Amino acid sequence: ARWGSKLVLVIGSAVSVIPFALLAFAHDHKWEIYLASGLLGVGLGFAFAAMSNIIVESVPPSQTGVASGMNANIRTIGGSIGAAVTSMVILAGTPSGGIPKESGYTHGFLLLLIASVLATAAAVIIPTARRRAERTYQPDEQHPIVKNAETALVAGATLVEVE
């Protein structure tokens, strides 16, 4: 709350650049790989948590569930595409049935380094979410009151009554 979610996202994205640079250029010792793995976990942890906060802060309360679900879907799709593209880069030039060359991994981590730099740049240009003066939900005619929240557990139950 003190710094805002955008700053945390920028920091997390920037921290995520370092491990890919380490893995691309300095991967001769186990400690380098451990350090890179730890930094990647910290960077992605900050970035993913902050992104969720930014999304929740940016939509009306009635759209929070939809926005969070879309975030999860896009994150999953992006991870799948990213893994496939990185695998193609790593395996490029590998003979059939052979083991990937070290240069393939270096190129794969360089690709991820570039993607992390672009993600950091994108995080910087995200507009700062406006703080709502009142964070509590105030129902209106478009968003009626849920009368019995427990009925959400029952398939086909009526969740909302319009007064």
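Remember, predicted model here, so these are calculated numbers, not experimental data. Just the heavy atoms: all of them, side chains too, but no hydrogens, waters or symmetry mates, feed the values below.
- Here Ser13 contributes atom OG and Phe48 contributes atom CZ; the two are 9.5 Å apart, rounded to the nearest 0.5 Å.
- The cluster map of Ile, Leu, Val, Met, Phe, Trp and Tyr, joined by side-chain heavy atoms under 4.5 Å apart, puts Ile18 and Phe109 in different clusters.
- Minimum heavy-atom separation, Asp28 to Glu32: N-OE1, 2.8 Å.
- Cluster membership check: Trp31 shares its hydrophobic cluster with Leu39, using side-chain heavy-atom separations under 4.5 Å among Ile, Leu, Val, Met, Phe, Trp and Tyr.
- Other cluster members for Val124: Val10, joined by side-chain heavy-atom distances under 4.5 Å among Ile, Leu, Val, Met, Phe, Trp and Tyr.
- A pairwise comparison of heavy atoms in Asn71 and Ser52 identifies ND2-OG, 3.4 Å as the closest pair.
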Is there a side chain to side chain contact (heavy atoms under 4.5 Å, CB included) between His27 and Thr106? Walk through the geometry before answering. CA-CA 9 Å; His27 52 264; Thr106 300; 3.8 Å; yes

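- The two atoms that bring Thr94 and Pro100 nearest to each other are OG1-CA, 3.5 Å, heavy atoms only.
- Closest of all the heavy-atom pairs between Ala14 and Thr120 is N-OG1, 3.5 Å.
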Intermediate values then yes/no, side chain to side chain contact (heavy atoms under 4.5 Å, CB included), Leu40 and Phe20: CA-CA 8 Å; Leu40 186 60; Phe20 294 125; 3.7 Å; yes

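- Under the 4.5 Å side-chain contact rule for hydrophobic residues, Leu23 and Phe25 share a cluster.
- Val117 and Leu9 are assigned to two separate hydrophobic clusters, defined by single-linkage of ILVMFWY side chains at heavy-atom distances under 4.5 Å.
- When the options Ile81, Leu91, Leu112 are evaluated for a side-chain contact (heavy atoms from CB on, under 4.5 Å) with Thr86, the one that passes is Leu112.
- Atoms CZ and CD1, on Arg75 and Ile77 in that order, are 12.5 Å from each other to the nearest 0.5 Å.
- Note on Ile33 and Val17: same hydrophobic cluster, where clusters join Ile, Leu, Val, Met, Phe, Trp and Tyr whose side-chain heavy atoms are under 4.5 Å apart, directly or indirectly.
- When all heavy atoms of Ile126 and Lys6 are compared, the closest pair comes out as O-NZ, 2.7 Å.
- Closest of all the heavy-atom pairs between Pro19 and Val15 is CD-O, 2.9 Å.
- Rounding to the nearest 0.5 Å places OG of Ser16 at 11.5 Å from CD1 of Ile11.
- Here CG of Leu44 is found 7.5 Å from OG of Ser116. Values are rounded to the nearest 0.5 Å.
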